[in-house]
Amino acid sequence: MLSAEEIAGRRDEAITTISRACERARRDPRTVVLLAVTKGHGPETVRAAAQAGLTLFGENRVAEGAAKIDATRAELPGLVWKLIGTLQSNKAGAALQYFAGLESLDRQRLVERLERLLAGGERRLPVLVEVNLGEEPSKSGALERDLDDLVASALAAPHLDVRGLMAVPPFADDPESSRPHFRRLAALASRLSDRFGRAFPELSMGMSHDFSIAVEEGSTEVRLGTFLFGPRATA
């Protein structure tokens, strides 16, 4: 496990990389946020990350995230947690208890389940619609041909706040291979904005090996796990 000082050094390196990418793209670095992905790392890593100044965290699984949130909430009440992995409909209720936002909305059934759970209350859940850009069977996310219908359904749900899109491109050793996928996601957001007459300002794209390219192509949130914390301690 890395120390708070080591994580702080990696955080500073990430911020510098983001700033340089923004400079190349003529963007304001303040338009990009860093989401710390703690999948496979325990509560002690969350504590060290918080000491290093990180406040926005992402988890892939409801149960794993809930355990860490329960273990750290009393001492670290200011942390914000988002669910970035596939959400099974039968775990939606638990997800709503623990996470401030969902970045992997990928199907109509989940829209309906979340709306039923939130109905009658005042809470509006910020969501990103996940797109499976490479149409990879092993990955979640809506296919591009289904995207308009899914977004329309989510926009019609009174308790969902559709903020934008998320994607994980097909992995390749060369980070440049991600660039066309990032450009495509940005173009999809622009097209959806034209169709629905509203902005979709958030683009969550870019991970440890390709986040500088994602920022150049318009990412507003990069999801960093290995870059910040090293290899995962658990599966």
Considering all heavy atoms of both residues, which atom of [X] and which atom of [Y] are nearest to each other, and what is their separation?
{"X": "Val111", "Y": "Ser153", "value": "CG1-OG, 3.6 Å"}
{"X": "Ala119", "Y": "His159", "value": "CA-CE1, 3.7 Å"}
{"X": "Ser204", "Y": "Glu103", "value": "OG-OE1, 3.4 Å"}
{"X": "Leu110", "Y": "Ser104", "value": "CD2-O, 4.4 Å"}
{"X": "Ala100", "Y": "Leu125", "value": "O-CD1, 3.8 Å"}
{"X": "Asn132", "Y": "Gly141", "value": "CB-O, 3.6 Å"}

Just wondering, do Arg47 and Glu75 contact through their side chains at under 4.5 Å, heavy atoms?
yes
* Could you walk me through whether Val215 and Arg27 pass side-chain contact (heavy atoms from CB on, under 4.5 Å), step by step? => CA-CA 9 Å; Val215 171; Arg27 296 182 59 194; 3.8 Å; yes
Margin query: Apply side-chain contact (heavy atoms from CB on, under 4.5 Å) to residues Arg73 and Asp70 and explain how you reach the verdict.
Written below: CA-CA 6 Å; Arg73 181 160 38 194; Asp70 281 338; 2.8 Å; yes
From the list Glu144, Glu217, Glu135, salt bridge (charged side-chain N to carboxylate O under 4.0 Å, His left out) partner of Arg184 resolves to Glu144
Presence of salt bridge, [Y] and [X], under 4.0 angstrom:
{"X": "Asp148", "Y": "Arg191", "value": "yes"}
{"X": "Lys68", "Y": "Glu64", "value": "yes"}
{"X": "Glu130", "Y": "Lys139", "value": "no"}

Under 6.0 Å between ring centres, would you say that holds for Trp81 and Phe99? no
So the ring pair (Phe, Tyr, Trp, His ring centres under 6.0 Å) pairs with at least one residue in residues 195-230 (sequence neighbours excluded) are His41-Phe229, Phe171-His209, Phe211-Phe227
Full working for side-chain contact (heavy atoms from CB on, under 4.5 Å) between Arg179 and Glu216
CA-CA 9 Å; Arg179 191 182 296 276; Glu216 291 175 4; 2.9 Å; yes
As a quick check of understanding, evaluate side-chain contact (heavy atoms from CB on, under 4.5 Å) for Arg223 and Glu221, giving each step before the final call. CA-CA 7 Å; Arg223 307 180 304 275; Glu221 176 191 82; 4.0 Å; yes
The reported gap from CG in Asn60 to OG1 in Thr86 (rounded to nearest 0.5 angstrom) is 8.5 Å
Grouping I, L, V, M, F, W and Y whenever their side-chain heavy atoms are under 4.5 Å apart, do Leu133 and Leu128 come out in a common cluster? no
